[in-house]
Amino acid sequence: MRLITGRGDIVIRLRDNDAAQRLADMLPLELEFSDFNNTEKIAYPPEEIDVSNTEAGTAPKAGDLTIYAPWGNLALFYQDGSYSSSLVPLGSVEEGAEYMTDLGGTIRAELE
């Protein structure tokens, strides 16, 4: 998956799980990112991603992309986070990690 930003692209390798496949099936799309808790950038996909067949629970590291199941938002961590049983891992940044802290506003997401 590629997030196209004004400064450079962020390339995320999606995991081999049902939730990540459902996200990939939605692409391309426009996502509105904002900062949350000085730890992660969050965005709400246009429709809820079903996470029922995907194992939840992770202690995210900087560069991890997850879904926070109770709210349905994507969360791209630019700082390490605390373990949460409600986070569903989707993938990890492979390139462009230096652009994560600047992520904000409308960003195009597409398949790599």
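Here, residue 1 is the first one in the sequence, and each next residue gets the next number.
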### Summary
The reported gap from CH2 in W71 to OG in S86 (rounded to nearest 0.5 angstrom) is 10.5 Å
### Message
If I compare all heavy atoms of P60 with all of S82, which pair ends up nearest, and what's the gap?
### Response
CD-O, 3.4 Å
### Task
Report the distance from atom CG of L87 to atom CD of E40, rounding to the nearest 0.5 Å.
7.5 Å
### Message
Is it true that, when you exclude D16 itself, more than 12 heavy atoms of the residues, nucleotides or ligands shown sit nearer than 6.0 Å to its CG?
### Response
no
### Task
Before giving the answer on side-chain contact (heavy atoms from CB on, under 4.5 Å), spell out for F33 and T106 the whole-Å C-alpha distance, their side-chain angles and the decisive distance to 0.1 Å.
CA-CA 6 Å; F33 278 92; T106 303; over 6 Å; no
#### Entry: Exam field: side chain K41 to backbone A75, donor-acceptor pair closer than 3.5 Å
no
### Query
Between R2 (side chain) and E112 (backbone), is there a donor-acceptor pair under 3.5 Å?
no
### Query
Y99 and I12: same hydrophobic cluster, using ILVMFWY side-chain contacts below 4.5 Å?
yes
### Query
Do you reckon M26 sits in the same ILVMFWY cluster as Y44, going by side-chain contacts under 4.5 Å, direct or chained?
no
#### Entry: Reported CG-to-NZ distance for the pair D80 and K61, which is rounded to 0.5 angstrom
5.0 Å
#### Entry: Over all atoms of both residues, closest heavy-atom pair of A24 and L14
CB-CD1, 3.9 Å
#### Entry: L3: which of D9, L76, V93 passes side-chain contact (heavy atoms from CB on, under 4.5 Å)
L76
### Task
Nearest 0.5 Å please: distance from the CG atom of L31 over to the CG atom of L103.
9.0 Å
### Task
Under the side-chain contact (heavy atoms from CB on, under 4.5 Å) rule, what do L65 and S92 come out as? Steps first, then yes or no, please.
CA-CA 6 Å; L65 177 67; S92 299; over 6 Å; no
### Query
Would you say S52's side chain and D50's backbone share a donor-acceptor pair under 3.5 angstrom?
no
### Query
Has E94 got more than 12 heavy atoms of other residues, nucleotides or ligands less than 6.0 Å from its CD?
yes
### Task
State the CZ-CG distance between R22 and N53, to the nearest 0.5 angstrom.
5.5 Å
### Query
If Ile, Leu, Val, Met, Phe, Trp and Tyr residues are connected whenever their side-chain heavy atoms lie under 4.5 Å apart, and connections chain through other members, are I42 and Y68 in the same group?
yes
### Summary
Given the options N17, V88, L90, V51 meets side-chain contact (heavy atoms from CB on, under 4.5 Å) only with V88
### Passing candidate, side-chain contact (heavy atoms from CB on, under 4.5 Å) with M1, options L23, V11, I10
L23
### Query
P46 versus L29: any side-chain heavy-atom pair under 4.5 Å?
yes
### Task
Show your reasoning for whether side-chain contact (heavy atoms from CB on, under 4.5 Å) applies to T66 and T58.
CA-CA 9 Å; T66 66; T58 189; 4.3 Å; yes
### Task
Measure the CZ-CD1 distance between R108 and I4 for me, rounded to the nearest 0.5 Å.
6.0 Å
### Message
Could you walk me through whether Y78 and T39 satisfy the side-chain contact (heavy atoms from CB on, under 4.5 Å) test, starting with their C-alpha distance in whole Å, then the side-chain angles of each, then the deciding distance to 0.1 Å, before giving a yes or no?
### Response
CA-CA 6 Å; Y78 61 89; T39 305; 5.6 Å; no
## Note on the structure
Scanning both residues in full, the closest heavy-atom pair of E55 with P89 reads O-CD, 3.6 Å
